[in-house]
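Every chain is numbered from 1 and lettered A, B, ... according to where its sequence line falls, protein lines coming before strand lines.
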Number of protein chains: 2
Amino acid sequence: MTVLRTPRGGASDRGVPDATVARLPLYLRALTELSDQGVATCSSQDLSSAAGVNPAKLRKDLSYLGSYGTRGVGYEVEYLRYQIAREIGQTQEWAVVLVGVGNLGQALSNYQGFTPRGIHVAALVDADPARVGTTVAGLTVSAMADLPAVVAERGISIGIIATPAEAAQDVADALVAAGVTSILNFAPVVLDVPDNVDVRKVDLSIELQILAYHEQRKAGSSLDPVLEVQV
Amino acid sequence: MTVLRTPRGGASDRGVPDATVARLPLYLRALTELSDQGVATCSSQDLSSAAGVNPAKLRKDLSYLGSYGTRGVGYEVEYLRYQIAREIGQTQEWAVVLVGVGNLGQALSNYQGFTPRGIHVAALVDADPARVGTTVAGLTVSAMADLPAVVAERGISIGIIATPAEAAQDVADALVAAGVTSILNFAPVVLDVPDNVDVRKVDLSIELQILAYHEQRKAGSSLDPVLEVQV
DNA sequence: CCTTGTGAAGCTGTTCACAGCC
DNA sequence: GGCTGTGAACAGCTTCACAAGG
């Protein structure tokens with residue numbers, strides 16, 4: 001029994017580090033590519049370069065899942081692929097509900113990248129009565145009031161928020177009330193949700209602002225009037 | 001390249017830590033909201049809760065920029081906002097070029113969240129001749145061949161790739177050849193670019209896969225047959 | 001030989017707790 | 001008194017380098 005004192009009621013024991021979990025889908029994609037190319041076996045070198053990480057990191061990451069390689073040889077592509085797929089829950093289908101069928105919402109509904117990953121947008125919801133009942137990407141848009149029914153019927157536990165910032169918190173509350181326990185949030189707001197609900201945020205303008213910061217630094221060594229004052 | 005004296009043994013020649021840079025836009029947004037609400041002064045507590053981080057982290061982050069607060073009082077909203085805006089290069093306008101005017105590309109062109117952040121999509125480019133010449137979000141779509149001219153004319157240094165995965169590397173090469181030095185990549189591939197080019201990646205399906213992993217764990221705590229082996 | 005798997009070292013980021021200043 | 005700014009402790013992640021084992 002590994003009962004550790006949790007210092008200050010902190011994190012429970014977590015098998016696989018977060019940083020590793022975030023890379024597993026990358027490895028999975030790389031393995032799928034190798035598999036499509038007919039490659040049966042690969043080294044950590046091969047796989048890591050396909051995934052854009054360094055080999056030591058890849059091996060460390062895989063070591064958290066188990067010993068799925070063969071020393072002196074490498075990894076069997078299909079076998080490793082299955083192990084990672086199982087670890088990240090991709091042996092099952094995940095139905096997600098998307099709230100907010102504006103420009104971004106429509107683009108996400110039509111996005112083809114989800115489908116081969118065991119994830120599909122199964123329902124669309126919008127607060128605008130003008131959009132309710134219309135068909136987008138082959139799905140009929142439901143009203144917010146129908147959210148609980150939609151979630152229950154299709155066994156949905158993941159929601160995507162693609163609404164304007166003002167609506168996002170209300171939508172999050174509605175999703176949580178309907179039983180959703182994971183949210184991917186595209187709205188530029190900090191959502192307040194219960195502890196048992198996971199939220200991941202994708203903030204498009206922040207990504208660009210980070211790039212702009214680095215651009216400014218590149219350009220700034222010659223132009224920037226601000227001085228780094230040294231004493 | 002400005003080399004700062006390391007004021008203290010710790011964080012060295014690299015002024016502001018990456019993790020801090022990634023949060024500055026968040027603080028900026030929170031400050032703008034406070035400012036809009038007519039708040040003139042705020043504590044690290046106020047600001048950090050608006051930005052969804054803890055107060056110590058906020059103060060530490062701000063300390064990398066300078067001493068912009070007043071002990072015993074807090075921060076002057078407008079002043080701090082200006083300082084952060086300056087730090088992340090938001091006192092200037094950034095024109096970006098978006099390549100790939102499919103569903104996602106069109107959604108991004110129409111996205112309103114960039115505009116108040118000093119960033120705007122100034123040009124659209126697509127490889128499909130059927131799209132070239134059409135108007136999207138008030139902009140005429142240019143051909144790939146015109147990329148160098150477009151970039152040069154508008155002084156663009158940031159590009160967005162919203163093409164299918166297959167095209168992304170070629171587009172990246174073209175952007176780099178045209179003079180772009182920062183890329184925001186939405187295509188699910190690892191881009192190969194020169195060292196002086198910054199790439200940030202937004203991978204929609206990976207975000208969902210990470211959520212699915214955690215969902216599986218929540219559901220699996222009663223089912224999971226994996227045992228913790230003891231030595 | 002070969003490449004994996006992994007302790008250990010090193011680094012980055014976070015949190016604590018309190019000195020410093022208003 | 002109250003809040004900022006920051007060294008120091010801590011936690012987590014990455015990288016190294018080598019033992020383990022085909």
Side-chain angles (χ1 to χ4, degrees), chain A residues 4-24 26-27 31 34 39-77 79-80 83-84 210, chain B residues 4 6-24 26-27 31 34 39-77 79-80 83-84 87 210 229 231:
Chain A
L4 291 176
R5 294 186 308 133
T6 53
R8 309 207 338 103
S12 48
D13 84 290
R14 43 172 12 67
V16 183
D18 286 345
T20 296
V21 170
R23 283 186 295 266
L24 292 178
L26 224 53
Y27 302 152
L31 285 165
L34 289 175
V39 177
T41 299
C42 66
S43 65
S44 65
Q45 181 66 253
D46 301 334
L47 184 52
S48 68
S49 79
V53 304
N54 88 28
K57 194 189 282 184
L58 171 79
R59 292 202 303 276
K60 191 64 141 180
D61 284 342
L62 295 183
S63 77
Y64 293 114
L65 313 190
S67 283
Y68 296 134
T70 309
R71 292 170 197 236
V73 179
Y75 302 93
E76 203 191 319
V77 172
Y79 178 62
L80 182 58
Q83 294 300 341
I84 295 179
I210 294 170
Chain B
L4 286 179
T6 70
R8 196 66 48 182
S12 51
D13 53 355
R14 196 124 80 86
V16 182
D18 286 344
T20 296
V21 170
R23 283 186 295 264
L24 292 178
L26 225 51
Y27 303 152
L31 284 166
L34 289 174
V39 177
T41 299
C42 68
S43 65
S44 66
Q45 180 67 254
D46 300 335
L47 183 53
S48 68
S49 79
V53 304
N54 86 29
K57 194 189 281 185
L58 172 80
R59 292 201 302 277
K60 191 62 139 183
D61 283 343
L62 295 183
S63 78
Y64 293 115
L65 313 190
S67 284
Y68 296 135
T70 309
R71 293 170 199 235
V73 179
Y75 302 92
E76 203 191 319
V77 172
Y79 178 63
L80 182 58
Q83 294 300 340
I84 295 179
E87 182 71 28
I210 294 170
V229 180
V231 186

Partner residues of B/R59 under the salt bridge (charged side-chain N to carboxylate O under 4.0 Å, His left out) criterion, sequence neighbours left out: none

How long is the line joining OH of B/Y75 and C1' of D/dC3, in whole Å? 9 Å

Integer-rounded Å distance: C/dG5 C1' and A/L80 CG: 14 Å

Check the phosphate of D/dC3 against B/S44, side-chain N and O only, distance under 4.0 Å to OP1 or OP2. Yes or no? no

Nearest 0.5 Å, please: how far is CG in A/L47 from OH in A/Y27? 8.0 Å

Nearest-Å distance for atom pair CG/C1', residues B/L62 and D/dC3: 13 Å

Checking side-chain contact (heavy atoms from CB on, under 4.5 Å) for the pair A/V53/A/D61: CA distance, chi angles, key distance, verdict? CA-CA 11 Å; A/V53 304; A/D61 284 342; 5.9 Å; no

note: B/Y68, atom OH; C/dC21, atom P; distance rounded to Å ~ 19 Å

Could you state the atom-to-atom distance from CG of B/L58 to P of D/dT6 in whole Å? 13 Å

Closest approach to the side chain of A/Y64, judged atom by atom: which nucleotide of C/dT14, C/dT4, D/dT14 is it? D/dT14

Taken to the nearest whole Å, CG/B/D46 to P/D/dG2 is 15 Å

Per-nt protein contacts along nucleotides 15-22 of chain D (heavy atom under 4.0 Å; B base, S backbone sugar-phosphate only, - none) come out as BBB-BBBS

By nearest atom, which of the nucleotides D/dG5, D/dT14, D/dC3 is closest to the B/S43 side chain? D/dC3

Can you measure A/D61 atom CG to C/dG5 atom C1' for me and round it to whole angstrom units? 13 Å

Is there a donor-acceptor pair closer than 3.5 Å between any side-chain N or O of A/S48 and the backbone N or O of A/S44? yes

Quick one: does any side-chain atom of A/S43 pair with a main-chain N or O of A/D46 as donor and acceptor, under 3.5 Å? yes

Are B/V73 and B/T41 packed together at the side-chain level, in the sense that at least one heavy-atom pair is separated by less than 4.5 angstrom? yes

Could I get the full list of ring pair (Phe, Tyr, Trp, His ring centres under 6.0 Å) partners for A/Y79, not counting sequence neighbours? A/Y68

What is the separation between atom CG on B/D18 and atom P on D/dT14, rounded to the nearest whole Å? 13 Å

